[in-house]
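Shown next, in structure tokens, is the structure this report addresses.
Naming: A, B, ... by sequence-line order, numbering from 1 per chain. For the numbers below, each heavy atom of this structure counts, side chains included, while hydrogens, waters and symmetry mates do not. These numbers come from a predicted model, not from an experiment.
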Amino acid sequence: MEIEHNKIAQKWQGEWAKANAFTRAKNPKRKFYCLEMFPYTSGKLHMGHLRNYSIGDTLARYKRMQGFHVLYPMGFDSFGLPAENAAIKQKINPKEWTLTNVTKIEEQMKALGLSYDWSAEVVTCRPEYYKWNQWLFIQMFKKGLAYKREAPVNWCPNCGTSLANEQVIQGKCWRCETEVRQEMLSQWFFKITEYTEELLEGIKQLDGWPPRVRVMQENWIGKSEGTEIFFKIKDSDKTLSTFTTRPDTVYGITYLVLAPEHPLVLELTKGTPYEAQVKEFVEKVKKESLIDRRDETKPKEGMFIGKYFINPVNGDECPLYIADYAILEYGTGAVMAVPAHDQRDFEFAKKYKLPIKVVIAPDAYELRPDRMTRAFIDDGTLVNSGEFNGSQNRDAMEDISKFLEKKEWGKRCTQYKLRDWLISRQRYWGTPIPIVYCKKCGALPVPEDQLPVLLPEDVKFTGEGNPVGTSSSFVNTTCPKCGGPATRETDTMDTFVDSSWYFFRYCSPKYEKGMFEKKEVEKWLPVDQYIGGIEHAILHLLYSRFICRVLRDLGLTKLSEPFNKLLSQGLVVKDGAKMSKSKGNVVEPKPIIEKYGPDTARFFILFAALPEKQLDWSDAGIEGIFRFINKLYSLAEKPLPHTPGKGKLNNPDRFMLSRVNRLTEIVTGHIENFEFSLALTEIMNFVNELSRYKLSDEGAMGYCLRRVALLFAPFIPHTSEEIWHRLGETSLIVQQEWPKQDAQWIDARAEGIESVKAAVRDDIASIAKLLNKEKLASVTLFCAAQWKFTAFALLKSKMPITDMKAVMQGLMSNQELKPHGGEISKIVERVAKKQGSVPLATLTRDDELAALADLTAEFPNLKVVLEEKSSEQKSKNAMPGKPAIIVE
RNA sequence: GCGGGGGUAGCAAAGUGGUCAAAUGCGCAGGACUUAAGAUCCUGUCCCUUAGUGGGUUCGUGGGUUCGAAACCCAUCCCCCGCACCA
């Protein structure tokens, strides 16, 4: 029978909608907030999205069945450059383009049967959303957390806008991969550095986050503790400050390096013979791209600028250099150079023939500057270091810092890599920054009752400059303070501002009195499980952590960390390579869903790899899953009773009832651990067994299949729902409770008997095969009196006796050891202790006979011969748990 | 260089002290069904050998711990990801 997967899917999607099955509860008791990173509205969903949402939907459905009140919302990150580019290229309004795409994506999500609460939908480009971006901006402005500053910023010439540091990946624009330039511009920043230490400390509490994401954030914040040291410049009243993490090497300074852009450079060289040359060098370095400049393999370049400084600790006079390897943004933009103990300084000193002075001596050999081929960076004993001679350099770090502080030559300080978040974008499709410039009154925030500042519609998209500026009706306004003529800020906000608090908005999506309703947020947040790609490890996740703290300090929430658990889903690849248009290995989800239905697609994507791991897309693999789902349908074609028959169940029935209950525990465990692929494998195995065993009792079959449907329900909801109903149920499976192992059906004896039978049956079958006969004329089971079935059966049911048996075998096989009974019992004891005590179920002799009796029914010519006395040879054969078989 | 994660059969991917020659899916081979193909079902799929069986060699490589190691420890090689002239 042909299964019409998509028709079935649509049918149940309709039923779920009718039953309003996924709307969030008004008053959640056991709440669960399941969140996926909302998509950018490019119009098409790709495999990564499909994976992301399959994981989240499965979890949301599972939690719902477990009785949690689930908030599982979806929205759209809908501001951003692609919309504007489409406008320029295709002459479409960005708004139109975006909203059309929203509709398209919604349709695709609905076709997948994702169980979102659509009533909570958030679309960031709508004024009712971005109004609150503006409101937030104004609050931050008032607190000094949003400010405008002239600074060297990252400029993407292709996107025509500035970028935050986080959005520059290896010197290139995160969106278009164009090389980023440095430009001096006046821009708006969010003062994320106000929260640096807190954001860093907070990472320690995030134990529900993947380690790599935590490490990436730590690295990005880049804390280093060290010492600032001040140097007097000879023949000048200027003082230079440098940052170092190695104060123990301060006696080894032989020169000092300034970043070429350092403000002191031009000042110090002004009117000196070096001026022209220095200017030339500075210009040259400025022209180099950041990528070139940060290339470690490139030889370091620099020059002497004609000045000397005095090392306060020993009075040494040393030359002042500028060099491309010093970077203005890090530390103080000046480096104290200790060539003997720093590799970069060493290379530079060699190139420019600067002296090398050893101040840390290795324990094992003597370090001679003229023979050094590289810097000595290990630990050792201080030499040439005045009063600190002889101390270990590790100790000296602390002592010298204290010494410098006492003398006021330096002070200990902490340095971070994290810079303030540049949020100005010189583009149209974003939230207008709500600032007005008045010649008299300066930069003023738009009064809150005038929000939102709407994006102008009368703009021209020329592809050059910021379109916002082309709307004179927008730009020209009046000063909110003096009423005089004023102009509006034309920059818009980084879209990452939108996405840094959208998950708050979901809790009260239509709230008009604020960003969100405090009461609702208290009910739902923090997000219990967040799921998304690793690409946001720093960007979105760091910004959200920051904004959450800002909201906390504005008194809007009590929360510091918004995301309790985070899952970074792995990449979807094809043939071992990332899907990309240039490689031509892109698989679109849409045709897959049209061909196989949503459940097959979801099943495959959850089955093929653990959520965190890379997933290799396989067209053959999805065929396999499709076959499996069809097989599942073929098992449940007619209504079956939901409980096993009242009469005597035969052993296979009892066995499968026991299996399905054990399976329930196993599957639950796997879901809890996010091992979806393993959960699915286990259910598949069971279904395959179920199709092989012909259960005699319809009730037992009905019970097993219902359980399978329930266990599958979070993964393949449409199929499960259909099967549930085909079996005769009338309620919706999405509203069922998640099943629990029912102890009354656990039957170790039945399991043992089936194991014995399976083993013997296998043997008989293989003998038949070998003899090339369909049925054997006569098979005799030749059994020793002392069977080992017990051990064997338990082997199959994961009892600790397994270990004991193995221990025994291990000991027996060791010829040299020949342990005594005492030793064995010790080991057995140890194993038992480790495993915890589990009651042993044993098969009696009668059980074993029952197993063989079952088999004689299957094989009419089977004879069971019982040997009362076991001889050595025979017990050897019988030893692993199987009786000997004799064929006549 | 630093940090994170890995290396398991033809492929993908489980397994983290003893049911392990190792789940599951794909692929491959054989069989059943069929006029045939497809679909479906069954069986097999490291090597040698056997009627059952037994033996050998395997989980990157080399050592070690253990009665017993794919799993634990040490060393080593390789791969992927992130950061990086960070002073």
Partners meeting ring-ring contact (aromatic ring centres under 6.0 Å, His included) with [X] (sequence neighbours left out):
| X | answer |
| --- | --- |
| A:Trp220 | none |
| A:Phe715 | A:Phe676 |
| A:Tyr596 | A:Phe626 |
| A:Phe231 | A:Phe309 |

Over all strands shown, is [X] touching base, sugar-phosphate only, or nothing at heavy-atom distances under 4.0 angstrom?
| X | result |
| --- | --- |
| A:Asn685 | sugar-phosphate |
| A:Leu615 | nothing |
| A:Asn688 | sugar-phosphate |

When you compare the protein's N or O atoms with those of nucleotides 2-7 of chain B, which come within less than 3.5 Å of each other, and at what distance?
none

Name the closest nucleotide to the [X] side chain, picking from [options].
| X | options | result |
| --- | --- | --- |
| A:Leu678 | B:rG82, B:rA87, B:rA14 | B:rA14 |
| A:Met216 | B:rU24, B:rG82, B:rC86 | B:rG82 |
| A:Lys417 | B:rA84, B:rG25, B:rC42 | B:rA84 |
| A:Glu675 | B:rG15, B:rC86, B:rA12 | B:rG15 |
| A:Tyr330 | B:rA14, B:rC86, B:rU24 | B:rC86 |
| A:Phe607 | B:rG25, B:rA87, B:rC83 | B:rG25 |

Practice problem: Salt-bridge test for A:Asp345 and A:Lys300: reply yes if a basic N is under 4.0 Å from a carboxylate O, no otherwise. | Solution: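 Salt bridge: no.
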Return the pairing partner of [N] with a 3.5 Å limit on both distances, Watson-Crick or G-U wobble; otherwise return none.
| N | answer |
| --- | --- |
| B:rU19 | none |
| B:rA12 | B:rU24 |
| B:rC83 | B:rG1 |
| B:rU34 | none |
| B:rU66 | none |

Over how many whole Å does the gap from [X] atom [atom1] to [N] atom [atom2] extend?
| X | N | atom1 | atom2 | answer |
| --- | --- | --- | --- | --- |
| A:Phe628 | B:rC41 | CZ | P | 10 Å |
| A:His670 | B:rU24 | NE2 | C1' | 11 Å |
| A:Asn673 | B:rA14 | CG | P | 14 Å |
| A:Leu258 | B:rA87 | CG | P | 18 Å |
| A:Leu690 | B:rC41 | CG | P | 14 Å |
| A:Met336 | B:rC85 | CE | P | 19 Å |

Quiz prompt | Under-4.0 Å side-chain N/O to phosphate OP1/OP2 contact, A:Lys631 with B:rC41 | solution =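 Checking B:rC41 against A:Lys631, a side-chain N or O does come within under 4.0 Å of OP1 or OP2.
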Quiz item: Are OP1 or OP2 of B:rA87 and a side-chain N or O of A:Thr245 less than 4.0 angstrom apart?
Solution: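 Yes, A:Thr245 has a side-chain N/O under 4.0 Å of OP1/OP2 on B:rA87.
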With [atom1] as the reference atom in both, quote the distance from [N] to [M] in angstrom, rounded to an integer.
| N | M | atom1 | value |
| --- | --- | --- | --- |
| B:rU49 | B:rA23 | C1' | 27 Å |
| B:rC80 | B:rG10 | P | 23 Å |
| B:rA70 | B:rU8 | P | 15 Å |

Self-check item: Contact nearer the 5' end of RNA chain B, comparing A:Thr332 with A:Leu610
Solution: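 Nearest-nucleotide comparison on RNA chain B picks A:Leu610.
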Practice problem: Select from A:Gly222 and A:Thr681 the residue whose nearest nucleotide in RNA chain B is closer to the 5' end of that strand. | Solution: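 Closest to the 5' end, via its nearest nucleotide, is A:Thr681.
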Quiz item: For the residue pair A:Tyr352 and A:Tyr255, is the inter-centroid distance of their aromatic rings smaller than 6.0 Å?
Solution: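 No, they do not, as the ring centres are separated by 6.0 Å or more.
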Quiz item: Got a sec: does the CD of A:Glu612 have more than 12 other heavy atoms crowding it under 6.0 Å?
Solution: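 Buried by this count: over 12 neighbours within 6.0 Å.
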Quiz item: Counting heavy atoms not belonging to A:Ile169, are there more than 12 under 6.0 Å from its CD1?
Solution: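 Atom CD1 in A:Ile169 is packed in, count exceeds 12.
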Nucleotide N/O of nucleotides 26-28 of chain B paired with protein N/O under 3.5 Å:
{"from": "B:rC26", "atom 1": "OP1", "to": "A:Arg627", "atom 2": "NH2", "distance (Å)": "2.8"}

Quiz item: Would A:Ile360 and A:Arg246 satisfy side chain to side chain contact (heavy atoms under 4.5 Å, CB included), going step by step from the backbone distance to the final call?
Solution: CA-CA 11 Å; A:Ile360 296 172; A:Arg246 295 291 306 271; 3.3 Å; yes
Quiz item: How about A:Asn688 and A:Lys631: does a side-chain donor come under 3.5 Å of a side-chain acceptor?
Solution: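 Side chains of A:Asn688 and A:Lys631: pair found under 3.5 Å.
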